[in-house]
Amino acid sequence: MLNTYSPTKVEKKWQKKWQKEGAYTVDLEKATDPFFSMVMFPYPSGDKLHVGHWYNFAPADSYARFMRMQGKQVFTPMGFDAFGLPAENYAIKTGVHPDDSITSNVETMITQLKRIGCMYDWDKMVNTSKSEYYRWTQWLFLQMYKNDLAYKKDANVNWCNSCQTVLANEQAQDGSCERCGTEVIQKPMTQWYWKIKNYAQQLLDGLDDLDWPEKTKLMQRNWIGRSEGVNIKSKIKDFDYEFEVYDSVPQTFKAQTFSVIAPEHPIIPELVKGKKNEKEVLEFIERIKKLKATEKYNFDEHLEGIFTGAYVDDPYGTGDLPLWIASFVVMDYGTGIVHCSAHDERDFAFAKKYDIPLNPVMFPADKKEAEKIKNLEYCYAKDPEGILEQPEEFAGRKWGEVRGDIIDYLQNKMKIGEETVQYRLRDWSISRQRYWGAPIPIVYDPEGKPHPIPEEHLPWELPHDVEFKPTGTAPLAQSKELIKRTEKIFGKGWTPEVDTMDTFVCSSFYQFRYLAEGSTKEFVPKDIEKKWMPVDMYVGGPEHACMHLIYARFVTKALRDFGFIKADEPFKKLVHQGLITNQGAKMSKSKGNVVSPDEFIDQYGSDVFRMYLMFMGPFTAGGDWNDTGIKGVDRFVQRIFSLFETNIAKNGKGKGKSMNTKLDQDSKEVNTKLHATIKKVSEDIPRMQFNTALSALMELLNIVEKQDSLSFEALKTIALLIAPLAPHLAEELWGQLGGEGFIIDQKWPEYDPKQLVTDTVTVVVQINGKVRAEMVVPTEISEEDVLKMAKDHENVQKYLSGKELKKEIYIKSKLVSLVVAG
RNA sequence: GCCGGAGUGGCGGAAUCGGUAGACGCGCACGACUCAAAAUCGUGUUCCCUCGGGAGUGAGAGUUCAAGUCUCUCCUCCGGCACCA
């Protein structure tokens with residue numbers, strides 16, 4: 001009577017052994033063939049690990065295991081992105097201090113993570129909320145400050161008057177407070193920014209060499225939003241204000257008849273001061289600002305403006321341009337002032353609405369249509385075939401061809417503009433008016449001037465004595481300890497910065513801190529950084545494409561420029577796992593559709609569960625959760641186990657590490673399939689195509705199960721092939737075979753291309769594209785012979801008789817295609 | 001609106017270079033074992049059919065000896081950006 005495989009017992013046994021013998025601990029210094037594999041570290045919420053975590057972590061681990069079996073020293077650390085809003089909200093609700101809830105959540109999460117059986121090197125774990133970590137978050141701030149990449153600026157935050165607190169954008173959706181429903185207002189607050197914009201071009205250029213999904217690279221490219229154009233020197237008439245106006249479509253500059261300025265532009269109040277329209281303009285501005293803040297602003301519905309009464313002083317020699325305030329102008333792109341013409345859809349619509357004169361200068365070749373443009377019947381824009389009428393020097397030339405010449409003309413002939421580049425990327429606002437984050441290491445002198453906290457005072461501890469219930473002041477401002485500490489070190493009247501840093505700051509550099517092994521002296525040891533960075537494989541969700549994944553790149557480039565590291569990109573290769581939904585919806589606590597892996601692990605074990613997640617479909621596709629197929633994978637595991645039991649019972653165990661017998665003792669059929677499977681699995685795992693790797697192994701099993709007996713070498717190969725996918729089972733089989741050491745330290749099997757060649761192949765015969773016959777032929781049959789065979793085939797004869805054979809094609813070892821007429 | 005990606009049996013999916021569409025698994029049906037059930041094992045399983053075949057990869061056209069795969073038009077779903085002059 002054969003035993004059945006009992007995963008829970010076996011898996012626990014190996015997890016203990018791995019830990020005890022440090023199977024996954026990496027000597028960072030000694031490693032000679034390093035491979036750095038990371039997953040995006042999780043947020044330690046109070047909920048249990050869910051299916052999504054497993055779907056992300058388990059395949060990433062299988063990939064790492066495969067790399068290890070290629071002989072590399074694979075470093076896969078794990079950590080916790082522990083600062084952030086949920087813990088603070090939980091504290092507001094329950095009074096439990098975030099430090100306590102997070103500490104206990106991390107503990108539970110580690111226990112759960114260990115059940116997956118991943119190769120995590122727990123010695124190098126990081127937790128961003130611990131002072132030994134966030135001292136480096138603060139250190140990073142100081143470096144940014146020192147290198148002039150950090151600055152302060154007023155900006156609006158979402159504010160709830162009833163809760164007396166700042167709200168994150170997600171909490172202020174639809175313009176009302178998530179908690180109490182009160183209308184959210186925009187309150188100006190001074191915020192710290194980091195100059196990511198300085199790195200826009202580098203961040204764009206660096207993408208070319210990254211092995212990242214094209215989609216993600218495209219998203220970053222669009223996010224950075226490089227645009228080329230001209231800055232036109234301009235000034236306001238009878239008013240002391242000079243500025244530049246950005247134009248990326250300068251071909252039709254002669255058509256520009258008015259200018260628009262963003263409602264938020266700081267000069268507006270001065271511009272209308274004492275004028276008779278002052279009140280009207282200020283009211284307009286307030287109304288538009290509010291509108292923009294409280295809803296998803298739709299410019300089609302809110303194309304609004306008001307005349308300032310001022311004029312831009314003849315920028316093109318075509319006359320002064322009336323300056324309007326327009327709802328659609330963006331303040332933080334260009335200079336917040338734009339010249340407008342008849343050749344832009346939105347400008348055209350705006351001018352029509354407010355009866356502003358237009359002067360088209362470009363027309364289609366068709367006379368009738370050109371007449372319509374002259375009569376302003378519709379807007380004619382961006383047509384490469386459009387023919388310019390003005391300026392005279394360009395009359396008759398096509399819009400699509402003059403861009404470069406026009407820029408040259410504006411710059412060198414008229415001398416009113418300069419060629420320039422603009423980016424959409426905005427500087428990174430890193431201030432959060434929140435408690436549970438890394439305190440910004442800044443203090444203010446009695447005059448209110450900011451000073452960086454000297455490095456010797458790091459970590460600048462997050463105070464413990466705060467009230468979580470919102471009271472209108474920032475949580476840190478209420479800490480007596482923090483105020484006392486500040487005065488004690490810096491002197492009377494000095495005050496601390498009370499904002500904390502965006503959690504994306506914490507996660508922008510954790511890859512380096514994994515390599516630092518908790519060092520308090522060095523951010524990261526230089527030789528280790530040089531050896532291990534950039535990260536060879538990074539796995540995580542696509543939702544971070546334009547946040548974490550761009551911030552981490554920026555911080556890496558900045559630290560390189562500061563001289564602390566050598567790498568200029570953090571993540572060489574990136575893969576996004578798909579999203580697992582339940583009943584079509586994203587799993588969330590509020591929807592109550594979160595699937596816990598626990599009951600499945602109890603019943604089937606980690607190996608079955610992780611393989612099922614991989615078998616569901618392509619890793620990058622995700623899908624809707626459904627457990628009906630898990631049985632199939634369980635059967636696979638049980639069948640593998642009994643295959644080994646049966647054969648070992650028949651043939652006995654192997655001895656020691658070298659159980660080498662030749663890999664050709666089995667039947668031709670088994671050998672061919674075995675080598676084909678090695679090939680398939682070896683190709684699929686690096687491509688993260690676990691579903692097809694697994695189905696190849698199932699096909700192999702279907703064949704070897706039918707054999708009377710299998711060679712040791714075949715069994716050994718099968719155990720090795722499943723080791724990345726089912727690590728516990730593979731270790732157990734390795735032990736049963738009599739192998740020494742861990743299977744993960746064995747060499748990955750290689751296939752012999754000669755073994756893949758079979759003596760005969762099946763060739764099909766197509767007549768006019770339809771399959772009419774099948775023939776088994778010797779692999780090396782000549783084209784002549786196979787065509788003759790095909791034509792002689794009884795079934796083919798039926799279709800050929802009495803018809804003219806027009807064409808014969810033979811595709812080696814695949815098919816014969818015959819074309820007949822009549 | 002703009003930019004991406006995807007649509008294949010009852011279900012998850014495979015087909016990597018234009019070459020037998022539906023691998024592998026689930027489910028289902030029948031059979032073996034069993035008093036019986038579960039488990040396990042075996043056989044079958046795209047649809048239609050007059051058993052000769054015919055149709056078939058979101059729809060329609062095109063290129064080709066041959067199209068899930070290439071080209072064009074359209075539909076649906078998913079993701080991203082939303083006033084960037």
Side-chain angles (χ1 to χ4, degrees), chain A residues 4 213-216 218-223 225 227 229 245-250 256 259-260 262 292 296-300 302-303 326-341 343-347 350 381 422-426 542-543 545-546 576 578-579 581 584 612 615-618 620-633 635-636 638-639 642 680 683-684 687 689 691-702 705 762-774 798 806-820:
Chain A
T4 52
E214 280 309 317
K215 191 185 166 167
T216 308
L218 187 66
M219 276 167 68
Q220 287 208 353
R221 284 193 186 105
N222 292 340
W223 189 260
S227 149
V245 166
Y246 179 69
D247 190 354
S248 69
V249 195
Q256 296 184 331
S259 303
V260 287
K292 282 191 180 182
K296 263 277 184 225
Y297 194 72
N298 182 331
F299 93 89
D300 284 329
H302 301 288
L303 192 69
S327 57
F328 58 80
V329 187
V330 178
M331 184 57 219
D332 42 11
Y333 187 75
T335 53
I337 308 181
V338 190
H339 297 328
C340 303
S341 79
H343 300 295
D344 178 279
E345 297 278 357
R346 197 192 39 232
D347 295 353
F350 187 81
Q422 284 281 335
Y423 300 93
R424 253 184 235 213
L425 185 69
R426 310 273 149 87
E543 66 275 16
C546 294
H576 298 305
L579 180 69
T581 54
Y612 175 59
F615 190 58
M616 270 172 64
T620 52
D624 204 49
W625 172 255
N626 189 329
D627 62 10
T628 51
I630 198 166
K631 267 195 178 153
V633 179
R635 281 179 196 142
F636 172 71
Q638 295 295 344
R639 280 163 60 197
S642 63
K680 178 84 178 138
E683 286 168 356
D684 281 353
R687 287 191 299 223
Q689 287 166 6
N691 53 333
T692 45
L694 204 42
S695 65
L697 287 164
M698 287 172 173
E699 281 181 53
L700 174 65
L701 178 62
N702 287 341
E705 254 182 348
T762 306
V763 164
V764 296
V765 185
Q766 289 185 352
I767 295 159
N768 288 350
K770 291 220 152 74
V771 178
R772 296 300 181 190
E774 233 175 60
K798 234 168 39 190
K806 299 192 83 172
K807 208 169 195 177
E808 313 171 32
I809 296 162
Y810 174 53
I811 306 293
K812 191 174 184 298
S813 300
K814 288 224 165 94
L815 58 78
V816 170
S817 183
L818 303 175
V819 185
V820 297

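FYI, side chains are in, hydrogens and waters are out, and symmetry mates aren't considered; it's all heavy atoms of this structure. Predicted, not measured: the structure shown is a model, and the values here were computed from it.
A:Arg687 comes within 4.0 angstrom of a nucleotide base, judged by non-hydrogen atoms across all strands. Among the atoms of the strands shown, none is found under 4.0 Å from any heavy atom of A:Lys812. Residue contacts for A:Glu774: at a heavy-atom cut-off of 4.0 Å it reaches a base atom on one of the strands shown. A:Gln766 comes within 4.0 angstrom of a nucleotide base, judged by non-hydrogen atoms across all strands. Base contact: A:Ser817 has a heavy atom under 4.0 Å from a base atom. Contacts of A:Asp627 with the nucleic acid, taken as non-hydrogen atoms under 4.0 Å apart, are absent. Nucleic acid contact for A:Asn702: sugar-phosphate only, since backbone atoms but no base atoms lie under 4.0 Å from a heavy atom of the residue. Using a 4.0 Å heavy-atom criterion, one finds that A:Asn626 contacts no nucleic acid atom at all. Using a 4.0 Å heavy-atom distance criterion, A:Asp344 is classed as making no nucleic acid contact. Among the atoms of the strands shown, base atoms are found under 4.0 Å from some heavy atom of A:Val329. Contacts of A:Pro542 with the nucleic acid, taken as non-hydrogen atoms under 4.0 Å apart, are absent. As judged by a 4.0 angstrom heavy-atom cut-off over every strand, A:Val330 is placed among the base-contacting residues.
For the pair A:Arg772 and B:U20, the criterion of a side-chain N or O lying under 4.0 Å from OP1 or OP2 is not met. The shortest distance between the side-chain N/O atoms of A:Arg635 and the OP1/OP2 oxygens of B:C26 is below 4.0 Å. For the pair A:Tyr333 and B:A85, the criterion of a side-chain N or O lying under 4.0 Å from OP1 or OP2 is met. For the pair A:Lys770 and B:G19, the criterion of a side-chain N or O lying under 4.0 Å from OP1 or OP2 is not met.
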With a 3.5 Å cut-off and sequence neighbours excluded, list the donor-acceptor pairs that the side chains of residues 806-813 of chain A form with protein atoms.
residue	atom	partner	partner atom	Å
A:Glu808	OE1	A:Lys791	NZ	3.0
A:Glu808	OE2	A:Lys791	NZ	3.3
A:Tyr810	OH	A:Ser813	N	3.1

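Atom CZ of A:Arg687 and atom OG1 of A:Thr692 lie 7.5 Å apart (nearest 0.5 Å). The CG atom of A:Leu815 sits 11.5 Å away from atom CD of A:Glu774, with the distance rounded to the nearest 0.5 Å. Expressed to the nearest 0.5 Å, how far CZ of A:Arg424 lies from CZ of A:Arg221 amounts to 15.0 Å. How far OG1 of A:Thr581 is from CG of A:Asp624: 3.5 Å, rounded to the nearest 0.5 Å. To the nearest 0.5 angstrom, A:Met616 atom CE is 7.5 Å from A:Asn626 atom CG. With rounding to the nearest 0.5 Å, the separation of CG in A:Leu700 from CD in A:Glu705 is 10.0 Å.
Below the 3.5 angstrom threshold, one finds a donor paired with an acceptor across the side chain of A:Arg426 and the base of B:C84.
Among the nucleotides B:C65, B:A55, B:A82, the one closest to any side-chain atom of A:Trp223 is B:A82. Among the nucleotides B:C26, B:G13, B:A85, the one closest to any side-chain atom of A:Val249 is B:A85. Considering only the side chain of A:Ser227, B:A85 comes nearest among B:U16, B:A85, B:A55. Side-chain proximity of A:Leu218 to the nucleotides B:G4, B:G13, B:G25 is greatest for B:G4. Each of B:C84, B:C65, B:A39 was ranked by its minimum atom distance to the side chain of A:Lys631; first place goes to B:A39. In the set B:G12, B:G19, B:G25, the nucleotide with an atom closest to the side chain of A:Met616 is B:G12. Comparing atom distances between the A:Lys680 side chain and each of B:G4, B:C84, B:U16 picks out B:U16 as nearest. Comparing atom distances between the A:Asp684 side chain and each of B:U16, B:A85, B:G13 picks out B:U16 as nearest. When distances are taken from the side chain of A:Ile809 to each of B:G25, B:A14, B:C65, the shortest belongs to B:C65. The side chain of A:Phe328 sits closest to B:C83 out of B:C83, B:G25, B:G53.
Atoms CD1 (A:Ile767) and P (B:A66) sit 14 Å apart, rounded to a whole Å.
Residue A:Gly623 is the one, among A:Gly623 and A:Val763, whose nearest nucleotide of RNA chain B lies closer to the 5' end (criterion: closest heavy atom). Between A:Val764 and A:Asp347, the residue whose closest nucleotide on RNA chain B is further toward the 5' end is A:Val764.
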Handout entry: Secondary-structure notation, RNA chain B, from Watson-Crick and G-U pairs under 3.5 angstrom (| other strand)
Key = (((((((..(((......[....)))((((((.......))))))(((....)))..(((((..]....))))))))))))....
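Aromatic rings of A:Phe328 and A:Phe350 (six-membered ring for Trp) have centroids within the 6.0 Å cut-off, being under it.
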